[in-house]
Amino acid sequence: QVQLVESGGGLVQAGGSLRLSCLASGRTFRMYLMGWFRQAPGKEREFVAGISRSGGNTLYADSVKGRFTISRDHAKNTVYLQMNSLKPEDTAVYYCAAGSGLAVVVTPNSYEYWGQGTQVTVSS
């Protein structure tokens with residue numbers, strides 16, 4: 001089992017940057033592919049970015065491609081989401097997720113473990 005704790009959310013002006021972190025418990029972190037999702041009020045949870053077990057493969061939603069970067073540090077059991085050029089439409093609760101599948105996928109149901117989420121608010 002994996003427990004995930006996100007941090008790094010906050011309030012930022014449009015055009016600014018934030019880096020989200022997700023600390024995973026246990027010694028099996030490298031066995032899971034990792035993903036970031038977000039959910040805005042009144043909307044469904046949506047895929048933002050994902051990274052393979054090795055970190056060699058990444059996948060991004062079109063809406064964040066070129067602005068967000070996902071990475072992972074196995075020594076620290078942590079996955080990061082660097083968010084640059086933030087827009088008001090990026091405002092949402094951001095969730096970290098871990099899945100035991102073979103490839104990064106965009107569907108939330110493919111991820112078994114979830115963090116509690118961290119709020120990101122981008123003001124215009």
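When a residue number appears, it is its place in the shown sequence, counting from 1.
Residues in residues 35-74 take part in no disulfide bond (SG atoms under 2.5 Å apart) pair, two or more places apart or across chains. Counting only residues at least two apart or on different chains, the salt bridge (Lys or Arg N to Asp or Glu O under 4.0 Å) pairs with a member in residues 39-61 are Arg38-Glu46. Within the structure, side-chain hydrogen bond (donor to acceptor under 3.5 Å, both in side chains) contacts touching residues 2-12 (residues at least two apart or in different chains) do not occur. Pairs of residues two or more places apart, or lying in two chains, never qualify as disulfide bond (SG atoms under 2.5 Å apart) while including a residue from residues 40-74.
A donor-acceptor pair under 3.5 Å is absent between the side-chain atoms of Thr107 and the main chain of Asn109, judged by distance alone. The backbone N or O of Leu11 sits nowhere less than 3.5 Å from a side-chain atom of Thr121 that would complete a donor-acceptor pair.
Residues satisfying the side chain to side chain contact (heavy atoms under 4.5 Å, CB included) criterion with Asp73, sequence neighbours excluded, are Ala75, Lys76, Tyr80. Ser17 is linked by a side-chain hydrogen bond (donor to acceptor under 3.5 Å, both in side chains) to Asn84, counting only residues two or more places apart in sequence or in another chain. In this structure, the side-chain hydrogen bond (donor to acceptor under 3.5 Å, both in side chains) partners of Asp62, at least two apart in sequence or on a different chain, are Lys65. Under the side-chain hydrogen bond (donor to acceptor under 3.5 Å, both in side chains) criterion, Ser124 pairs with no residue, sequence neighbours left out. Shown here are the salt bridge (charged side-chain N to carboxylate O under 4.0 Å, His left out) partners of Arg67, two or more places apart in sequence or in another chain: Asp90.
Of the N and O atoms on the side chains of Glu112 and Ser100, at least one donor lies less than 3.5 Å from an acceptor on the other residue.
Other residues sharing a hydrophobic cluster with Met31 under the 4.5 Å side-chain heavy-atom criterion for ILVMFWY residues are Val2, Leu4, Val12, Leu18, Leu20, Phe29, Tyr32, Met34, Trp36, Val48, Ile51, Tyr60, Val64, Phe68, Ile70, Val79, Leu81, Met83, Leu86, Tyr94, Tyr113, Val120, Val122. If you chain together ILVMFWY residues whose side-chain heavy atoms come under 4.5 Å of each other, Phe47 ends up grouped with Leu33, Phe37, Leu59, Val93, Tyr95, Val104, Val105, Val106, Tyr111, Trp114. Alongside Val5, the hydrophobic cluster contains no other residue (criterion: ILVMFWY side chains under 4.5 Å).
Residue Ser63 holds its OG atom at 8.0 Å from NZ of Lys87, rounded to the nearest 0.5 Å.
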